[in-house]
Each structure stands twice: as C-alpha cells, then as structure tokens.
Amino acid sequence: MSSSATPRSGIEPGIDTLDIPTADIDADRLLGRIEAFARIGRDAGGGITREGFSGADLDARALLMREARAASLVPSVDAAGNILIRRAQAGPAPVDRKVLLIGSHLDTVVNAGRLDGAYGVLAALEVLQVLAESGTDLPHEPVAIAFANEEGALFPQPFWGSMALAGRLAELPADPCDHSGQPLRGPLARAGGDLDALKTAVWPTESVAAYLELHIEQGPVLERAGTRIGVVDAITGRTVLTVDVTGASGHAGTTPMDHRRDAMAAAARMVSAVERVAKDDALCRVATVGRLEAHPNSPNTIAGSARLTVDLRDTDPGRLEHVEAAVREALRTIAGQTGTQVEFVAATRSSPVATAPALRAAIARSAEELGLAHQTLPSGAGHDAQMVADIAPIGMIFVPSIGGVSHVPEEDTSPADLLSGARVLLRTALRV
Ligand code: HGY
Ligand code: MN
Ligand code: MN
C-alpha cells in the first residue's frame, strides 16, 4: 500500500486534513489479535490473570514477539523487561532521529478484563505494521512498546517498565520482590531483562518526540455522553502504600478480649479509616484498600500480622501529599489503640500529569476527520504515559467502556469503538 500521507514534522497544533486514502487499520487482524491475547491467562473466575512477570505474562510476551516477527518487524526486550518493536531498517537509523513511541502494557490485575493495556499494545503493533506495509515515512521513527509490569499486581511496583524508561531508577526498589517475597531477579531474566543493567533501559530526554497511548476509558463518562473518542487532558496522581500490621497470634477461644493484640481487627479499622478520608473527609478523590492478607489466616487463631495496600488518588499533588500524611497518622493512632505496630514498608507515588496540548489537538482533529464525536476528559486510572511525561510530550486516546467497568471480567468495548480508536491512533501518529 502506498500512502500519500503528508505527515508534519514536529507537533503542530491546528494541523490541516491528512490525505491517507489507503493506509488503514486491518480490522480483522487487530480484533483477531485482541481475542488471541484474551485467551492467555484465563482464570477460574472467568477473567484474565496475567500479572507482570508471571508465567501467563511470559506467554503473552512471547506471542507479541512472534506476531511482530511474523509482521517482519523487529522486537527486542530491554533490561527492565519492556518489549520494543521497530520497523526493519534498510540501513542504520539516522542517529539524530527522534522516536514516536506508541504503546501500553500487556500485564493485568487479578481476574481482569481482556482490554486494559493489551488493546493499546496491539493497536500500536497494528499501526506500526500499517506504516511498515505502506512504506509511510514519518519525521520520527515509530516504535511500539509494551511496558513491563504497569499494574504491579504481583511485583508491587506499578509502572516498573515506564519508570525505568523515564530514568526514575532511584524510585524503584533496590531488591524488588513479589508479595510472597520471591525476588524479581529470576522472573525478570526469564522475560529477557537484567536487574543489574537497568541503566541501559533509560532513554535520554529529548530522544522521544512524543508518546501516544490508546486505552479503554475504564469509567462511564464516554458511554453516558454517547461520545466515541476521549481526548485525555490529565492523568490522576496516585500514591500506593504497603502497610504491615503486627500484633500477636493466639487461641481464638482461650484468649480474653482484653488480652489481645489482634492484627486483623486493627487492619479492619484501618480499612475503614482509609475509606473515611475520601468518603467522609473528602481529602482526596478516591481511597481504596484493595488487598488485605492476614497471617496465619486461620478461623480459630487470632491474626498475629496483616498486610494491606492503600491506594490514594487525586489530580491535585498538594491534596495527595496531605491525605497521605493523614492516613499515616490515622493508622498509627489505630495501632496505638489496638496494641499493634504499624510499618509503612513501601510507597509508590505518581504525580498527576497533563497531556500535551498539540497532541490533544492532533487527536481531536483525527477524530473529526473520521466523523467521530470526541470530548476531553481526565483519567481516573494511572497509566505508563504519566511516567513517560518526564521525558516527552504525551497524548492519550480513550474509547468507551461498556457499563463503565474495568479490572473485572465484564470489561468490554464494542468492536466498532475498538477500531475507531485504532484509526484515530494511526491518524494522530501521522500528524506528529
Ligand atoms: O490502577 C490503575 O490506575 C491502572 O490500572 N494501573
Ligand atoms: Mn489497569
Ligand atoms: Mn491500563
């Protein structure tokens, strides 16, 4: 396919209409790949469990590399485990050529849907393949990327791969382990990464002309408005704390109530305290304890220890800072009242970020050309884009989520919207 696309160099707001009569998304190929990846990591709950660096994640990564090779593209894995896919080069790529990075993540939360992350990666692969097949030349070299461990579901370091790419190595744990204490070193090596060489995964600032991410909205806004395309203007800030509560195990039948240091009872009060800071005190937009483990987790034994995760979100960095301090204070007070100890063992913070106005304009223009109603909206979910924002202008495109749900097996988007999103991604890539 030859394309007479007249791509523009740099990112220019108010870009005129593109003429790309033939370079189009291959609908069957994209939808077929989405279904093929949806079969990897199927779990007993009818969803998909493909936590970062798990066996199922390795299977999905291997399939992505096979698909890339079959499309005569060139996949590689960096030291952080990110999968990068490039077009085959006739000769050495010009050293001063910037990259147009397009991607998302393949890993999922537990019992997830089939689109969060994978849709953006497979759309990026499709766009790269269309550009390669049509011989379309762009001012910047398009590279597709599948970021490693965006969710942090098994190894609790969300945005692992994008933090490495953006150079935020100092914020990564020195000895990353999963929730059971298994070190990351081995699983990362099996994925093609190298914990001792993370520095080589860092991209220099200015090396990326722009980053584009296509993603499902994961909320109800577009569906309620009947809008087909979301132009993301800001991505929420997020603080995730891992908290250990230590009390004393004991016999549930013989230990008097006033002689207990019950870690489960303390943790339960902590869960309520976290909910209160958002629901009653409105200190942040949302607050969630999504994971709670107790030990020994036995019906007739008082829990001696518990571990919970606290997820706080807001678009205002000052409110996020304040609510984190309030939560730390509240949990310490509860520990004092229950005779337990509380330890904040890990904290991951991602700042709220704005997308680039020129990329928002390019996305909106592309949607208009395709006759797609679009609107601007913020993202309540976190994304790798907010890490890449450290080194490049970012743009995010949303498509509607049916029922506004995500991180559940019922997560879904219509085939028409999936294809529209990919077409807007292609046109936006041609404009950058
Ligand atoms: O949790 C989130 O916001 C995203 O799914 N990583
Ligand atoms: Mn997610
Ligand atoms: Mn996601």
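Everything numeric in this text was worked out from a predicted model, so none of it was measured. When a ligand or atom number is given, it counts from 1 through the structure's own listing order.
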Would you check if there is a donor-acceptor pair between the side chains of [Y] and [X] at a distance under 3.5 Å?
| X | Y | result |
| --- | --- | --- |
| Glu213 | Ser104 | yes |
| Asn149 | His105 | no |
| Thr376 | Arg360 | no |

Any N or O of Gly380 closer than 3.5 Å to N or O of ligand 1: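 In fact, backbone or side chain, Gly380 has no N or O that close.
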Glu150, any N or O under 3.5 Å of ligand 1 N or O: yes
Sequence neighbours excluded, every pair satisfying salt bridge (Lys or Arg N to Asp or Glu O under 4.0 Å) that has a member inside residues 233-243: Arg238-Asp311
Neighbour count >12 (heavy atoms, 6.0 Å) for atom CD, Glu293: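 Yes, enclosed.
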Within 6.0 Å of CG in Asp280, more than 12 heavy atoms from elsewhere: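 For Asp280, atom CG is crowded (more than 12 foreign heavy atoms under 6.0 Å).
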Heavy-atom pair of closest approach, residues Leu115 and Glu411: N-OE2, 2.8 Å
Closest non-hydrogen atom pair, Ala422 against Val127: O-CG2, 4.2 Å
Distance criterion under 2.8 Å: protein N/O/S atoms around the Mn ion (ligand 2):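 Counting protein N, O and S atoms closer than 2.8 Å to the Mn ion (ligand 2) gives 3.
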Ligand-side contact atoms (ligand 1) for residue partner [X], heavy atom cut-off under 4.0 Å:
| X | result |
| --- | --- |
| His407 | 1 (O), 5 (O) |
| Glu151 | 4 (C), 5 (O), 6 (N) |
| Ala381 | 3 (O) |
| Arg238 | 1 (O), 2 (C), 6 (N) |

Shortest protein heavy-atom distance from atom 4 (C) of ligand 1, along with the residue and atom involved: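 Of the protein heavy atoms, Gly382 O, 3.4 Å lies nearest.
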From Arg313, His215, His383 - option closest to atom 3 (O) of ligand 1 by heavy atom: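 Answer by nearest heavy atom: Arg313.
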Parallel, tilted or perpendicular: rings of Phe147 and Tyr211 (30°, 60°):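 Tyr211 vs Phe147 ring planes: perpendicular.
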Under 3.5 Å: donor-acceptor pair, side chain of Arg61, backbone of Ile83: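 Not at all, since once roles are kept as given, no pair shorter than 3.5 Å links the two residues.
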